Colleague: 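Before I ask anything, let me first share the structure, which is written out below as structure tokens.
Nothing fancy with the numbering, it's 1 onward along the sequence. The figures that follow rest on heavy atoms only: side chains count, while hydrogens, waters and symmetry mates do not. Computed from a predicted structure; not experimentally measured.
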Amino acid sequence: MRHHFTLSKPLNSLRICALLLGASAVFFSGGRTAAAEKVYSLGVVPQQSATRLAQIWIPFLDRLERETGYKFKFATAKDIPTFEACLSDQAYDFAYMNPYHYTVVHETAGYEAFAHQADKKLKGILVTRSDSSVAALEDLDGYTLAFPSPAAFGASVVPRAELSAAGVSFEAAYVKSHDSVYRAVALGVFPAGGGVLRTFGNLPEDLKSQLRVFYRTEGYTPHAFAAAPAVPADVRETVAAAMTGLDDDAVLGALGMSGFVPAGDAAWDDVRALNLTAGQTEIASAGEETCHSN
């Protein structure tokens, strides 16, 4: 979280003295300065634009700072494949990632889950325009459909699997984010596209009113909150305790969540049971990535 300050008028001598005294106090307080404090990054899967994600996640991180005493910064990536590569590189101290991402990077990069959203099963959705005649999966046979990315679990992996299981022939177009799917469908570029209820519910009303959810997938354990292996266990446990005790309706409401519950690695065994392969999901593991869009 980066704040920029500007001086609206020249400093007078009293203000200069106060600033110098403050700087001296920091310098002589055992060497502990703000710059020396560890700042933990939270990488958020880019289901929506970086601007929109920052609006809803930074208040959560501000509250987490007050509860834990640790410093945090928001981070995301330009698209989901870049985020996947960044996870593989352990670029984020903490990360909010989809269920399939977690099952992969737990094995390949050592991320350890500690919580997920309470009272939630992750279900994918398919949306169409409000005035569309599409009502069932079979109505999409032969069309090109919009999805965020190959490995977006609820919005792409599961809907594509259920379309195929229903015998529907389709082509997939990957448009980088959930919001891009919704906008493309609203504009009539595609007859339908994949998302999840949380991101659909967070849409501006003028966009949401142009769309209709006509299909919901089976439910799975939701997105994981996980820590990189370099994060000390006591820090991870403190963050987990603060999150699971959080009852700030304003902060949780902005996230579209009701709260958090503790969760260990085994919570995502239902996702592992799908036996998905890297070939099916095309999950990214490397690239020329920039991992800290914030």
Colleague: Heavy-atom distance under 4.5 Å between the side chains of Pro148 and Gln47, does that happen here?
Modeller: no
Colleague: Can you list the steps and then say if Thr199 with Tyr182 is a side chain to side chain donor-acceptor pair (under 3.5 Å)?
Modeller: CA-CA 10 Å; Thr199 58; Tyr182 301 137; 2.8 Å; yes
Colleague: Within a radius of less than 6.0 Å around CD of Glu205, do more than 12 heavy atoms belonging to other residues, nucleotides or ligands occur?
Modeller: yes
Colleague: May I ask you to test the Phe94-Val235 pair for a side-chain heavy-atom distance under 4.5 Å?
Modeller: yes
Colleague: Find the distance between CG (Leu274) and CZ (Arg272) and round it off to the nearest 0.5 Å.
Modeller: 11.5 Å
Colleague: I'd like to check Lys176 versus Phe147 (side-chain heavy atoms, cut-off strictly below 4.5 Å). Are they in contact?
Modeller: no
Colleague: Should Tyr174 and Tyr143 be counted in the same cluster of Ile, Leu, Val, Met, Phe, Trp and Tyr side chains packed under 4.5 Å apart?
Modeller: yes
Colleague: Check whether any side-chain heavy atom of Lys71 lies under 4.5 Å from a side-chain heavy atom of Lys38, and answer yes or no.
Modeller: no
Colleague: Using only atom types and a distance under 3.5 Å, with no angle test, would you say the side chain of Thr76 pairs donor to acceptor with the backbone of Val44?
Modeller: yes
Colleague: Please check if the number of heavy atoms outside Asp249 that lie under 6.0 Å from its CG is greater than 12.
Modeller: no
Colleague: Less than 4.5 Å apart, side chain to side chain, heavy atoms only: is that true for Lys73 and Leu42?
Modeller: no
Colleague: Can you check whether Arg183 reaches Val175 side chain to side chain, under 4.5 Å on heavy atoms?
Modeller: no
Colleague: Counting only heavy atoms from other residues, nucleotides and ligands, does the tally under 6.0 Å from CD of Glu218 exceed 12?
Modeller: no
Colleague: Side-chain heavy atoms under 4.5 angstrom apart, residues restricted to Ile, Leu, Val, Met, Phe, Trp, Tyr: same cluster for Val181 and Val45?
Modeller: no
Colleague: Distance from Ser169 atom OG to Leu140 atom CG, nearest 0.5 Å?
Modeller: 11.0 Å
Colleague: If you measure from CG on Leu87 to OG1 on Thr82, what distance do you get to the nearest 0.5 Å?
Modeller: 11.0 Å
Colleague: Decide if atom NZ of Lys208 counts as having more than 12 heavy atoms of other residues, nucleotides or ligands within a radius under 6.0 Å.
Modeller: yes
Colleague: Can Gln117 and His223 be said to form a side chain to side chain donor-acceptor pair (under 3.5 Å), step by step?
Modeller: CA-CA 7 Å; Gln117 182 179 349; His223 285 47; over 6 Å; no
Colleague: Are the side chain of Gln210 and the backbone of Asp206 linked by a donor-acceptor contact shorter than 3.5 Å?
Modeller: yes
Colleague: Which pair of heavy atoms, one from Ser132 and one from Val134, lies closest together, and at what distance?
Modeller: OG-N, 3.0 Å
Colleague: So with a 6.0 Å cut-off around CG of Asp119, is the heavy-atom count from everything else above 12?
Modeller: no
Colleague: Could you tell me the separation between the CZ atom of Arg52 and the CG atom of Leu203, rounded to the nearest 0.5 Å?
Modeller: 9.0 Å
Colleague: Do Val261 and Leu246 sit in the same hydrophobic cluster, where Ile, Leu, Val, Met, Phe, Trp and Tyr count as joined when their side-chain heavy atoms come under 4.5 Å apart?
Modeller: no
Colleague: Hey, what do you get for OG1 (Thr221) to NZ (Lys121), rounding to the nearest 0.5 Å?
Modeller: 4.0 Å
Colleague: Is any side-chain heavy atom of Glu84 closer than 4.5 Å to a side-chain heavy atom of Val104?
Modeller: no
Colleague: Is there side-chain contact between Leu252 and Ser258, with heavy atoms separated by less than 4.5 Å?
Modeller: no
Colleague: State which residue, out of Phe83, Phe74, Phe225, Tyr40, fulfils the ring-ring contact (aromatic ring centres under 6.0 Å, His included) condition with Tyr92.
Modeller: Phe83
Colleague: Aromatic ring centroids of Phe60 and Phe260 under 6.0 Å?
Modeller: yes
Colleague: Do you know which two heavy atoms are closest between Thr144 and Ala173, and how far apart they sit?
Modeller: CG2-CB, 3.9 Å
Colleague: Measure the acute angle between the ring planes of Tyr70 and Phe72, then classify it against the limits of 30° and 60° as parallel, tilted or perpendicular.
Modeller: perpendicular
Colleague: Would a hydrophobic clustering, with Ile, Leu, Val, Met, Phe, Trp and Tyr connected at side-chain separations under 4.5 Å, put Tyr220 with Val196?
Modeller: yes
Colleague: Can you see which heavy atom on Pro159 is nearest to which on Leu126, and at what distance?
Modeller: CB-CD2, 4.2 Å
Colleague: Calculate, to the nearest 0.5 Å, the distance between atoms OG and CZ belonging to Ser130 and Phe214 respectively.
Modeller: 12.5 Å
Colleague: Same hydrophobic cluster for Leu187 and Leu145, using side-chain heavy-atom links shorter than 4.5 Å among ILVMFWY?
Modeller: no
Colleague: Give a yes or no on whether the backbone of Asp179 and the side-chain of Gln48 come within a donor-acceptor separation of less than 3.5 Å.
Modeller: no
Colleague: Where do His116 and Trp268 land on the ring pair (Phe, Tyr, Trp, His ring centres under 6.0 Å) test, with the steps shown first?
Modeller: CA-CA 10 Å; His116 64 62; Trp268 285 269; 5.7 Å; yes
